[in-house]
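Reviewing the structure listed below.
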Amino acid sequence: MSSAVEEDVFRVVEADGTFDDAVDPRLPADALKKVYRTMALVRALDNRMLSLQRQGRIGFYVPSTGQEACQVGGVFPLGPQDWVFPAYREPGAALWRGFPLQALVHQFYGNSADIEKGRQMPNHYGNRSVNFVTPSSPVGTQIPLAVGAAWAARIRGDPVVALTFFGDGATSQGDFHGGMNFAGVFKAPVIFLCQNNQWAISVPRERQTASKTLAGKAAAYGFEGVRVDGNDVLAVIEATSQAVEKARAGGGPTLIEAVTYRMGPHSSSDDPTRYRPAAQVEEWKKRDPISRFKAYLEKRDVWDEVDDGNLQKELDDQITEAIRVAEKAPPPALETVFTDVYADLPPHLQEQMEEFMKSGERRRPEISDKFPL
């Protein structure tokens, strides 16, 4: 692919907002503002949800600060008919696809308004209406699923592309290699988007592989691998756009290694200060994807500090309202443990449910005044 290259990494915008006009996709102002708004929403949501977890108001959270450009840029070129197979760190991708913020917050709480009825682990959200598949905790399992969906689309003759997100740690899993091999052999219309955030929880990238790059692994399976600056949303958009166009035209898969950094903990249960140096974090803060994109927008004369202040207030108010609504919703009713297993409740489950419910109203958390964790 055509690119501006520094150390083999495709980049459009530098850390200070200056950009290479030769490779700038020159998106319309409205599209640029929407991208920035979504990235800013992810950052604001991260700050609030992690705070709520520390207060004991939600049980668990997976932050994605520093990776907003990968998430939004990765799904920007996709159409509504395409499918996304995420890991558990892609709220920006979900929001861009049209996953309602309120529905996302309900899932973080696992309440009765959660479309998954509190059954899925927090941050494992999915929504059929936007072709966003629910992830699972085991690392890399979404990769062969994405390949299967892409292969099914090709068999049917549907112009559908599947994109799967995963981290650098997933490249050590068998699912990664099996999915890559099948996709390469059969030219499945799938995009493998690896968010190389340098750490698989506490394991650094250099302990994952002896390969010089993760993108280079694509060569073994017979298709293209590219490296992009994962903190440059325009670079991610451009790389993914080319991959989507190629896949839809029958050219097969692409592996995109988006080089980025996880600024916060792996999850709310993790303490990154125990395994990574503070100086490394400070160095990556200088490459913050939101600050960089904001500087670019200012240089393009489509954004200023007044706009930014208004946006931050709007997002804070929107999240506050979503939290207020979520905390008024009770937990899922106990019956839902039984009623959604089959389309029609069979006699043996009916009997089990009735026996279980005989324990009395005291076991029904949805009627309690206190929201339980």
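Treat the numbers as computed from the prediction; the structure is a model and nothing was measured. All residue numbers in this chain count up from 1 along the given sequence.
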Counting distance only, does the side-chain N/O of D82 pair as donor-acceptor with the main-chain N or O of V161 below 3.5 Å?
-> yes
Are H266 and P272 side-chain neighbours, meaning at least one heavy-atom pair lies under 4.5 Å?
-> no
Cut-off 3.5 Å, side chains only: do D158 and Q81 have a donor facing an acceptor?
-> no
Min side-chain heavy-atom separation N123-F108 under 4.5 Å | yes
Rounded to the nearest 0.5 Å, how far apart are CG of L27 and CD of E238?
-> 8.5 Å
When you check the side-chain N and O atoms of Q120 and T134, is any donor under 3.5 Å from an acceptor?
-> no
No-hydrogen, no-angle side-chain donor-acceptor test under 3.5 Å, D114 and Y125 = no
F176 vs L214, side chain to side chain contact (heavy atoms under 4.5 Å, CB included): CA-CA, chis, key distance, verdict = CA-CA 12 Å; F176 169 78; L214 300 179; over 6 Å; no
Distance-minimising heavy-atom pair for I115 and G126 | CD1-O, 3.3 Å
Nearest heavy-atom pair of L345 and L349: which atoms, and what distance?
-> CD1-CB, 3.7 Å
Start with the C-alpha gap between Q280 and Y261, add the side-chain angles, then the distance that decides, and say whether side-chain hydrogen bond (donor to acceptor under 3.5 Å, both in side chains) holds.
-> CA-CA 10 Å; Q280 184 184 77; Y261 195 78; 2.6 Å; yes
Residue pair D175 / V139, side-chain heavy-atom distance below 4.5 Å | no
Minimal heavy-atom distance between P63 and P265, with the atoms involved, is CG-O, 3.3 Å
Shortest non-hydrogen contact from A87 toward Q142 | CB-NE2, 3.7 Å
Taken to the nearest 0.5 Å, the spacing of L52 CG from R54 CZ works out to 11.5 Å
Does NZ or CZ of R287 lie under 6.0 Å from the centre of the six-membered ring of W284, at an angle within 45° of the ring axis?
-> yes
Can a donor-acceptor pair be found between the side chains of S64 and E68 at a distance below 3.5 Å?
-> no
Is there a side-chain contact between T240 and L163, using heavy atoms and a 4.5 Å cut-off?
-> yes
Distance from Y296 atom OH to F19 atom CZ, nearest 0.5 Å?
-> 5.5 Å
Would you say P204 and W199 make side-chain contact, with heavy atoms under 4.5 Å?
-> yes
Would you say the side chains of R48 and T320 form a donor-acceptor pair under 3.5 Å?
-> yes
Salt-bridge present (K117, E335; N to O < 4.0 Å) = no
Take V203 and Q208, measure what side chain to side chain contact (heavy atoms under 4.5 Å, CB included) needs, and give me the verdict at the end.
-> CA-CA 7 Å; V203 180; Q208 292 291 338; 3.5 Å; yes
Is the closest side-chain heavy-atom distance between S137 and H124 below 4.5 Å?
-> yes
Taken to the nearest 0.5 Å, the spacing of Y88 OH from F60 CZ works out to 8.0 Å
Would F166 and V259 show up in the same hydrophobic cluster when neighbours are defined by side-chain heavy atoms closer than 4.5 Å?
-> no
Check: D46 side chain, T65 main-chain N or O, donor-acceptor pair, under 3.5 Å = yes
Examine L315 and L45 and state if one hydrophobic cluster contains both, with Ile, Leu, Val, Met, Phe, Trp and Tyr joined whenever side-chain heavy atoms are less than 4.5 Å apart.
-> yes
Distance only, no hydrogens: is a donor on one side chain within 3.5 Å (strictly under) of an acceptor on the other, for Q195 and E90?
-> yes
Between T164 and F85, is there a donor-acceptor pair closer than 3.5 Å when you use the side chain of the first and the backbone of the second?
-> yes
Modelled atom types, side-chain donor and acceptor of T254 and E224, under 3.5 Å | no
On the 0 to 90° scale, with breaks at 30° and 60°, tag the H177-Y221 ring pair as parallel, tilted or perpendicular.
-> tilted
Applying side-chain hydrogen bond (donor to acceptor under 3.5 Å, both in side chains), run through E245 and S241 and close with a yes or a no.
-> CA-CA 6 Å; E245 182 180 352; S241 295; over 6 Å; no
Taking only Lys NZ, Arg NE, NH1 and NH2, and the carboxylate oxygens of Asp or Glu, determine whether E116 and R119 approach each other closer than 4.0 Å.
-> no
In short, A200 meets G169 closest at the heavy-atom pair CB-CA, 3.7 Å
Are any side-chain N or O atoms of T38 and backbone N or O atoms of G92, one a donor and one an acceptor, separated by less than 3.5 Å?
-> no
Checking side chain to side chain contact (heavy atoms under 4.5 Å, CB included) for the pair R89/N197: CA distance, chi angles, key distance, verdict?
-> CA-CA 11 Å; R89 204 185 304 276; N197 66 15; 4.2 Å; yes
Does the pair E314 and Q318 meet the rule for a side-chain hydrogen bond (donor to acceptor under 3.5 Å, both in side chains), with working shown?
-> CA-CA 6 Å; E314 175 194 339; Q318 188 177 356; over 6 Å; no
Just checking, is any N or O donor in the side chain of T171 or K217 under 3.5 Å from an acceptor N or O on the other one?
-> no
Verify whether one side chain among N231 and T260 offers a donor that lies under 3.5 Å from an acceptor in the other.
-> yes
Write out all pairs satisfying salt bridge (charged side-chain N to carboxylate O under 4.0 Å, His left out) with one or both partners inside residues 24-36, taking only residues at least two apart or from two chains.
-> D21-R26, D24-R26, D24-R300
Are F186 and I191 linked, directly or through other ILVMFWY residues, by side chains that come within less than 4.5 angstrom of each other?
-> no
Minimum heavy-atom separation for F192 to A183, with atom names?
-> CZ-CB, 3.7 Å
For the pair Q198 (side chain) and D168 (backbone), establish whether a donor and an acceptor sit closer than 3.5 Å, ignoring hydrogens and angles.
-> no
Between CG of L78 and CH2 of W96, what distance do you get to the nearest 0.5 Å?
-> 11.0 Å
Where does the angle between the aromatic ring planes of H348 and Y342 fall among parallel (under 30°), tilted (30 to 60°) and perpendicular (over 60°)?
-> perpendicular
If we only count heavy atoms from C-beta on, is the V325 to H106 side-chain gap below 4.5 Å?
-> yes
Group every Ile, Leu, Val, Met, Phe, Trp and Tyr by side-chain heavy-atom contacts under 4.5 Å, then state whether L297 and V72 land in the same group.
-> yes
Under 3.5 Å donor-acceptor, D232 side chain and V12 backbone | yes
Are V190 and L193 grouped together when hydrophobic residues (ILVMFWY) are joined by side-chain heavy atoms under 4.5 angstrom apart?
-> no
Using a cut-off of 6.0 Å, state whether more than 12 heavy atoms not belonging to D271 lie near its atom CG.
-> yes
Spacing of CZ belonging to R292 relative to CE belonging to M39, to within rounding of 0.5 Å | 9.5 Å
So, R227 side chain and A258 main chain: donor-acceptor pair closer than 3.5 Å or not?
-> no
For side chain to side chain contact (heavy atoms under 4.5 Å, CB included), just list the numbers for Y109 and V105, CA-CA rounded to whole Å, side-chain angles, deciding distance to a tenth of an Å, and then say yes or no.
-> CA-CA 6 Å; Y109 277 86; V105 175; 3.9 Å; yes
Could you tell me whether the side chain of D270 reaches within less than 4.5 Å of the side chain of R262, counting heavy atoms only?
-> yes
